[in-house]
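Count residues from 1 along the sequence.
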Amino acid sequence: MKKHIIYSLIIAAGASLSGCLEEFTPTNQATADQIKGEDKGSLSSAVSAYMTSFTSYGDGGLSNDAGFPGFGIHRDAMTADIPAYTTTYDYFTDFSYTNYLGNYSLQTLFWRRYYYLIQKCNLVMSVAQPEERTEDREYAGNALAYRAMAYFDMARLYEYRHTDVASLDQQAEASGIMGLTVPIVTEATTDASGRDNPRAPFYTMYRFILTDLDNAEKYLSDTHASGSKVNASIGVVYGLKARFWLELGTRFLLHPADLDTQLSHDSDEDIVYNKLGIASANDCFNNAAAYARKAISEGYAPLSESQWFDPKTGFNTPNAAWMWCVTLTLDNPAVNLEWQSFVSFVSPEATWGIADAGYGASRMIDARLFDKIPDSDWRKTTWIDPNDVGNQQAYNTKYAKGTSMGYNEWRKYGGYVGFKYHPGSGDRTTYAVGNAVSVPLMRVEEMFLIEAEAVARVSGFGAGKQLLESFLNTYRYSDGSYSCNAAGIEEFIDEIFTQKRIELWLEGLIVWDYKRLEKAVIRGYDGTNWYPDFCFNSYPNAVAPWMTMYIPDSECNYNRGVVPNPDPSNAIPMWKGN
């Protein structure tokens, strides 16, 4: 029976994704043999390895496909935080132009890639017996953590949220998709059920994700972070729960009717997943603070200034601050893609990449965000101050520590360009070495910021301020001069949001905070460093329409239970200046 379920799942998961996806995956040829032999170790390793999968541009894939790390760039490109210095070779403009956001290749890639990751997690759960076999607990816990992450991402990407664009909001209401996330596919899903598998309501999806996280917490209770950090540990589960509860707390605070809906379905007998066990938004915030502190207490330590700026290991090598990551090893085919690689897209130092001065698609920090960083915050020199462009003394005193470039190369770069990511081993000229990097999925610094926000929500912003000031003065301000000037809870939440934008710049995470807090994306303003054709400003107290992704027509054609989202293309007029 177990084998039948496994093969049914392969058919169901593959068919529901429809179409042809020619991509590299480390277990593409070995999966069937692994299943027959119930090689749980190999199946478990395939989950984390799949995070590096890609479609080669030379074989008909997308030029901007760099696996899940590339998805992080796309998510950041939805925000106002990572303009490109020049746009000719900017391959991440889909959410900048906002005019091809319907049934196109990128939307299909996102949908299929996430569900293929889920499929690999389901295969592990099909053969693992964590309740009977102690040795299976780590495999199952890792698969459940990855599956929870995937569904949490998808729930936030695809659930339609109010945009204040009347035509879109009215269409969503009329089609009955409000409150719907994505179809749930598990190890028990069959081909027949996959063909009529509706999008799960948020109240069901939240209980499903929590069930996976609860089980992952149980199975990984004795699994602490390893050196590689590509597999989930108990600290990662704590971190995922901190993110989860912060998301729910904010939603239920801003939209009390959603809390009522959630609680009204917590006893539904046809929902077999764990109850949330909460009665208020504050209960969620308390949970977020508690799990963030549990994650911190696992022994992680925020990056030091020298670690942050190290030209050989900065943001390319796991360290004590990293909780979870994706790793591209030297033998991974993605390393040999040269310009179609994560390093090419984000590291100005990579001479083969599009982010170098020759191609000019270097990632900048938003000008207004940069202006909020005082000189006493040592993170500021991650980006070139526009007043320092070409200045050799500034290079010597402020920027040389964060790059292996000499002055004559560095001076070619413009203001706001970021030097956060470095090629593997600091190798700037050999792409087959420099593309071999690790990319963070979760760092402990995020946990400090989650804790501060959650505590402020429950105990008052004064308590949150103390936590934020302690974190920044201990780990980020060279002179201990940081003082939070917020006069109330909303100003304090804005300050947390700003600190996350600085700390997590180009890590693919800040989009969740934009959506969670319903923050406007503002690219058009006097003094903007955004390309004029990308200056779209979404509306306050609403979600930018391009942050809710379109569900591919191919999925709707296969799965009659799925109703798609409105196409958000060209939903907001371009800012033309004052």
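Arg363 places a side-chain N or O within 3.5 Å of a backbone atom of Ile82 that can act as its donor or acceptor partner. No donor-acceptor pair under 3.5 Å is formed between the side chain of Asn435 and the backbone N or O of Ser341. A donor-acceptor pair is defined here as one N or O able to donate and one able to accept, closer than 3.5 Å; such a pair exists between the side chain of Asp76 and the backbone of Glu507. Distance alone, capped at 3.5 Å, places no donor-acceptor pair between the Asp169 side chain and the His162 backbone. Side-chain atoms of Arg476 do not come within 3.5 Å of backbone N or O of Ser304 as any donor-acceptor pair. Of the possible donor and acceptor atoms, one in the side chain of Thr250 sits under 3.5 Å from a partner among the backbone N and O of Leu246. Distance alone, capped at 3.5 Å, places no donor-acceptor pair between the Asp81 side chain and the Arg501 backbone. Between the side chain of Ser297 and the main chain of Arg293, a donor-acceptor pair closer than 3.5 Å is present. Panel note: side chain Arg251, backbone Glu247; no donor-acceptor pair is recorded below 3.5 Å. With hydrogens and angles disregarded, no donor-acceptor distance shorter than 3.5 Å links the side chain of Tyr359 to the backbone of Thr86.
Using a 4.0 Å cut-off between charged nitrogen and carboxylate oxygen, Arg516 and Glu453 count as a salt-bridge pair. A salt bridge between Asp377 and Arg379 is present, with a side-chain N of the basic residue lying under 4.0 Å from a carboxylate O of the acidic one. Ion pairing between Glu446 and Arg243 holds under the 4.0 Å rule for side-chain N and carboxylate O.
Exactly one residue among Tyr413, Phe309, Trp383, Tyr395 makes a ring pair (Phe, Tyr, Trp, His ring centres under 6.0 Å) with Phe419. That residue is Tyr413. Each of Gln393, Lys398, Arg411 was checked for a side-chain hydrogen bond (donor to acceptor under 3.5 Å, both in side chains) with Asp388, and the lone residue meeting it is Lys398. Each of Phe110, Phe54, Phe345 was evaluated against Phe71; a single residue qualifies, Phe110, per the ring pair (Phe, Tyr, Trp, His ring centres under 6.0 Å) test.
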Any chance you could lay out the side-chain contact (heavy atoms from CB on, under 4.5 Å) test for Asn537 and Val521, step after step, and finish with the verdict? CA-CA 5 Å; Asn537 297 339; Val521 174; over 6 Å; no

Walk me through it: do Trp378 and Tyr477 pass the test ring pair (Phe, Tyr, Trp, His ring centres under 6.0 Å)? CA-CA 6 Å; Trp378 53 251; Tyr477 275 62; 9.4 Å; no

Going through the checks in order, is the ring pair (Phe, Tyr, Trp, His ring centres under 6.0 Å) test met by Tyr550 and Tyr104? CA-CA 9 Å; Tyr550 188 84; Tyr104 294 98; 8.6 Å; no

Could you walk me through whether Lys412 and Asp356 pass salt bridge (Lys or Arg N to Asp or Glu O under 4.0 Å), step by step? CA-CA 9 Å; Lys412 299 175 184 178; Asp356 87 326; over 6 Å; no

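To the nearest 0.5 Å, the span separating CZ on Arg428 from OG on Ser347 amounts to 8.0 Å. If you take CD1 on Ile365 and CD1 on Ile384, they are separated by 12.5 Å, rounding to the nearest 0.5 Å. Taken to the nearest 0.5 Å, the CG atom of Asn316 stands 8.0 Å off from the CG atom of Asp310. Rounding to the nearest 0.5 Å gives a distance of 12.5 Å between CE of Met364 and CG of Leu369. Phe202 contributes atom CZ, which lies 10.0 Å from atom OG1 of Thr181 (distance to the nearest 0.5 angstrom). Between Ser483 atom OG and Asn485 atom CG the span is 5.0 Å, to the nearest 0.5 Å.
Side-chain rings of Tyr114 and Phe68 approach one another, their centers coming within less than 6.0 Å. Aromatic rings from Tyr291 and Phe244 are positioned such that their centres are separated by 6.0 Å or more. In this structure, Tyr525 has its ring center at least 6.0 angstrom away from the ring center of Trp575. Annotation: Trp322 is not in aromatic contact with Tyr300 [ring centroid separation under 6.0 Å not met]. Here Phe536 and Trp530 keep their ring centres 6.0 angstrom or further from each other. Centroid-to-centroid, the aromatic rings of Phe342 and Tyr421 come within less than 6.0 Å.
Across all their heavy atoms, Phe448 and Ile296 have their closest contact at CZ-CG2, 3.8 Å. Taking all atoms of both residues into account, the shortest heavy-atom contact from Tyr160 to Met178 is CD2-SD, 3.5 Å. Leu468 and Ala452 make their closest contact through N-CB, 4.1 Å (heavy atoms, listed as atom of the first residue, atom of the second, distance). Among all heavy-atom pairs drawn from Ser362 and Val417, the shortest one is CB-CG1, 3.7 Å. When every heavy atom of Ala463 is checked against every heavy atom of Ser459, the shortest pair comes out as CB-CB, 4.0 Å. Ala367 and Gly527 make their closest contact through CB-O, 3.9 Å (heavy atoms, listed as atom of the first residue, atom of the second, distance).
Counting heavy atoms from C-beta on, the side chains of Leu240 and Phe152 never come closer than 4.5 Å. No side-chain heavy atom of Val437 sits less than 4.5 Å from a side-chain heavy atom of Pro423. At a threshold of 4.5 Å between non-hydrogen side-chain atoms, the residues Ile73 and Asn64 do not count as touching. Taking the side chain as every heavy atom from C-beta outward, Ser280 and Phe252 never approach each other to under 4.5 Å. Side chains of Met205 and Val182 form a contact here, defined as non-hydrogen atoms less than 4.5 Å apart. For the pair Val346/Leu506, a side-chain contact is recorded, criterion being any heavy-atom separation below 4.5 Å from C-beta on. Arg457 places a side-chain heavy atom less than 4.5 Å from the side chain of Ile493. Side chains of Phe315 and Arg443 form a contact here, defined as non-hydrogen atoms less than 4.5 Å apart.
Judged purely by distance below 3.5 Å, without hydrogens or angles, the side chains of Ser425 and Asp427 never pair a donor atom with an acceptor atom. Side-chain contact annotation: Asp567 with Ser569, donor-acceptor N/O pair under 3.5 Å present. Ser63 and Gln340 share no side-chain donor-acceptor pair at under 3.5 Å. Checking Thr382 against Trp308 by side-chain atom types alone, a donor-acceptor pair falls below 3.5 Å. When only modelled atom types and interatomic distance are considered, Lys312 and Ser404 share no side-chain donor-acceptor pair under 3.5 Å. No hydrogens or angles considered: nothing links the side chains of Ser478 and Ser376 as a donor-acceptor pair under 3.5 Å.
Cation-pi geometry between Lys519 and Tyr514 is not met: the NZ or CZ atom fails to fall both under 6.0 Å from the ring centre and inside 45° of the normal. Within the cation-pi definition used here (under 6.0 Å to the ring centroid, within 45° of the axis), Lys380 qualifies as a partner of Phe370.
Residue-environment remark: OH (Tyr100) stays at or below the threshold of 12 foreign heavy atoms within 6.0 Å.
Under the 30°/60° scheme for interplanar angles, the aromatic rings of Tyr89 and Tyr91 are found to stand perpendicular.
For Trp324, the ring pair (Phe, Tyr, Trp, His ring centres under 6.0 Å) partners at least two apart in sequence or on another chain are Tyr146.
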